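Okay, so here's the structure we're looking at.
As the structure is a prediction and not an experimental result, all values here were calculated from the model.
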Amino acid sequence: MSVSRHPVALRLEQRVGSATKLLATVMVLPLVDGIFPALVVAGVLTTATGVVETGILIFGGSATAAVILAEMDGSRREMVGSVLLIGAIIIPLAAVEAAFAPTFKEFLNLPVFERFAGLVILTIAAKTASSEIGEFLPSPGVIISLGLVASFQPAGFQIRMSPEYVVNGAAAAGVGVAFALSIALLSPHLRGRVDIDRFRFGSAVALGVLALPILLGPFDLMQTEAPIALAVLAVTTLFAYDPNAGPEEDAADEDGDDPDDPDDTDTTADEAADDGDRADDGGRSENDADAIEPPLDAPTAPGAIVDDDVAVIAGGDPSDSDDIDDTDPFADDDSRAPWL
């Protein structure tokens with residue numbers, strides 16, 4: 001699996017610590033730095049498409065997927081429990097923040113503030129795509145603060161709440177939690193098959209596409225309810241997923257033998273050497289037996305054989321005896337017995 005080594009993610013991981021805390025920080029961050037309230041005030045959550053895009057790209061996205069796939073350990077039940085615990089926190093917070101959206105609209109110049117909301121999304125997309133570019137860009141909180149100052153109009157202040165905004169805000173957070181749950185449930189299959197860096201870059205492109213309709217609103221460009229950002233994210237997912245990139249199980253591992261284990265290699269070599277030694281010993285034993293034991297129908301020598309190559313009759317001198325047959329008994333002669 002390609003593990004993302006984004007510098008911002010690494011710094012956040014060092015500050016937070018455990019994987020569950022890191023996931024909670026990533027999913028709660030849009031509620032803390034003002035990105036989610038800005039999108040609610042800008043009217044992004046007025047449609048079902050905007051709710052789904054906000055939930056997946058703001059609360060979910062590449063950061064959530066990277067934390068679950070690369071950092072979280074344990075069984076699927078443990079990861080699902082952690083995601084549900086985080087969801088129980090962010091869904092009520094998102095509903096409360098969305099409930100105050102009508103109040104902010106009373107003293108803000110919405111056309112001006114919407115442009116700053118689009119800049120916030122575009123900044124996050126740039127920071128997600130490249131950490132080097134993100135170093136030169138201001139933080140989302142600074143941009144939102146500047147947007148509040150630039151769009152503030154001191155009219156009559158009145159606290160107003162709308163159930164529609166509450167439902168849409170909770171639904172957007174719920175979509176983000178559902179995205180995290182799907183990643184946690186599919187994590188055994190997705191690990192090793194999803195390129196995190198490629199998915200991160202595609203998520204940045206999808207965020208940029210989400211910001212374009214807001215920024216180009218005064219020019220009446222890209223004003224459509226078609227889920228373009230979701231389509232970009234879907235294409236990114238297809239490019240980031242490789243079904244053949246998972247770890248392959250070797251047939252030797254299934255039998256319990258590790259081909260890379262030096263102990264198994266030494267044992268096999270020793271067994272082969274022992275088999276060769278036994279084969280050599282067996283061959284030598286048979287040859288020695290053939291050389292020492294003559295056939296049963298061989299003629300008996302008159303005396304003991306004292307030499308391996310020359311047969312000498314014990315008890316006499318060969319030069320003094322006239323009865324000695326000088327014929328070599330081991331010479332080839334067709335007239336002799338078949339065994340010779």
Side-chain angles (χ1 to χ4, degrees), residues 26-64 86-125 128 140-141 143-144 147-148 151 159-182 203 206-218 220-234:
V26 169
M27 298 187 70
V28 175
L29 192 60
L31 301 174
V32 176
D33 57 11
I35 300 173
F36 179 72
L39 295 179
V40 175
V41 174
V44 178
L45 301 183
T46 56
T47 61
T49 302
V51 170
V52 176
E53 289 177 342
T54 303
I56 294 179
L57 295 176
I58 301 301
F59 291 103
S62 60
T64 300
I86 296 171
I89 298 174
I90 66 172
I91 292 178
L93 288 178
V96 171
E97 290 190 0
F100 288 96
T103 303
F104 286 100
K105 287 184 176 181
E106 291 294 327
F107 59 89
L108 293 178
N109 186 356
L110 289 182
V112 176
F113 185 79
E114 287 177 0
R115 306 292 86 79
F116 281 91
L119 288 177
V120 168
I121 302 175
L122 202 61
T123 301
I124 296 173
T128 304
I143 298 176
I144 292 176
L148 290 174
S151 61
I159 298 178
R160 300 178 60 183
M161 299 181 64
S162 174
E164 179 183 358
Y165 287 94
V166 175
V167 173
N168 291 346
V175 171
V177 174
F179 174 82
L181 282 176
S182 63
S203 299
L207 282 172
V209 173
L210 180 64
L212 288 180
I214 302 175
L215 293 174
L216 300 177
D220 198 17
L221 296 175
M222 295 187 65
Q223 302 304 307
T224 177
E225 295 182 359
I228 302 178
L230 292 180
V232 173
L233 186 63

| query | Who pairs with I89 by side chain to side chain contact (heavy atoms under 4.5 Å, CB included), at least two apart in sequence or on another chain? | reply | L93
| Looking only at heavy atoms, which two atoms of F59 and A94 are closest? And how far apart? | CZ-CB, 4.4 Å
| task | State, to 0.1 Å, how close F36 and G169 come at their nearest heavy-atom pair, and which atoms those are. | result | CZ-CA, 3.6 Å
| message | Could you measure the distance from the CZ atom of F179 to the CG atom of L233? Nearest 0.5 Å is fine. | response | 6.5 Å
| field | Contact summary for S62 and T128, nearest pair of heavy atoms | value | OG-CG2, 3.8 Å
| note | Rounded to the nearest 0.5 Å, the OG1 atom of T123 sits from the CG atom of L207 at a distance of 11.0 Å
| task | Name all residues meeting the side chain to side chain contact (heavy atoms under 4.5 Å, CB included) criterion together with P37; count only those two or more places apart in sequence or in a different chain, and write none if there are none. | result | E97
| task | Just jot down the side chain to side chain contact (heavy atoms under 4.5 Å, CB included) partners of A226, sequence neighbours excluded, or say none. | result | T224, I228
Going by atom type alone, with no hydrogens or angles, which donor-acceptor pairs under 3.5 Å involve a side-chain atom of residues 108-120 and a protein atom two or more places apart or on another chain?
{"residue": "R115", "atom": "NE", "partner": "I214", "partner atom": "O", "Å": "3.1"}
{"residue": "R115", "atom": "NH1", "partner": "P111", "partner atom": "O", "Å": "2.9"}
{"residue": "R115", "atom": "NH2", "partner": "I214", "partner atom": "O", "Å": "2.8"}

| Spatial distance of atom CG (L57) from atom CD1 (I124) [nearest 0.5 Å] | 10.5 Å
| request: Find the distance between CD1 (I86) and CE (M27) and round it off to the nearest 0.5 Å. | output: 6.5 Å
Donor-acceptor list for residues 39-48 side chains, cut-off 3.5 Å, not counting sequence neighbours:
{"residue": "T46", "atom": "OG1", "partner": "G43", "partner atom": "O", "Å": "2.8"}
{"residue": "T47", "atom": "OG1", "partner": "G50", "partner atom": "N", "Å": "3.1"}

| query | If you take all heavy atoms of L122 and G208, which pair is closest and at what distance? | reply | CD1-CA, 4.1 Å
| task | Would you please name every residue forming a side chain to side chain contact (heavy atoms under 4.5 Å, CB included) with A95, sequence neighbours left out? | result | V166, A170
| note | When rounded to the nearest 0.5 Å, the distance separating OG1 of T54 from CD1 of I121 is 7.0 Å
| query | What pairs meet the side chain to side chain donor-acceptor pair (under 3.5 Å) rule with one or both residues in residues 164-180, with sequence neighbours excluded? | reply | K105-Y165
| Closest heavy-atom contact between A180 and T64? | CB-CG2, 3.8 Å
| query | So how far is it from I56 CD1 to S203 OG, rounded to the nearest 0.5 Å? | reply | 10.0 Å
| Can you name the nearest heavy-atom pair linking V28 to I90, along with the distance? | CG2-CG2, 3.3 Å
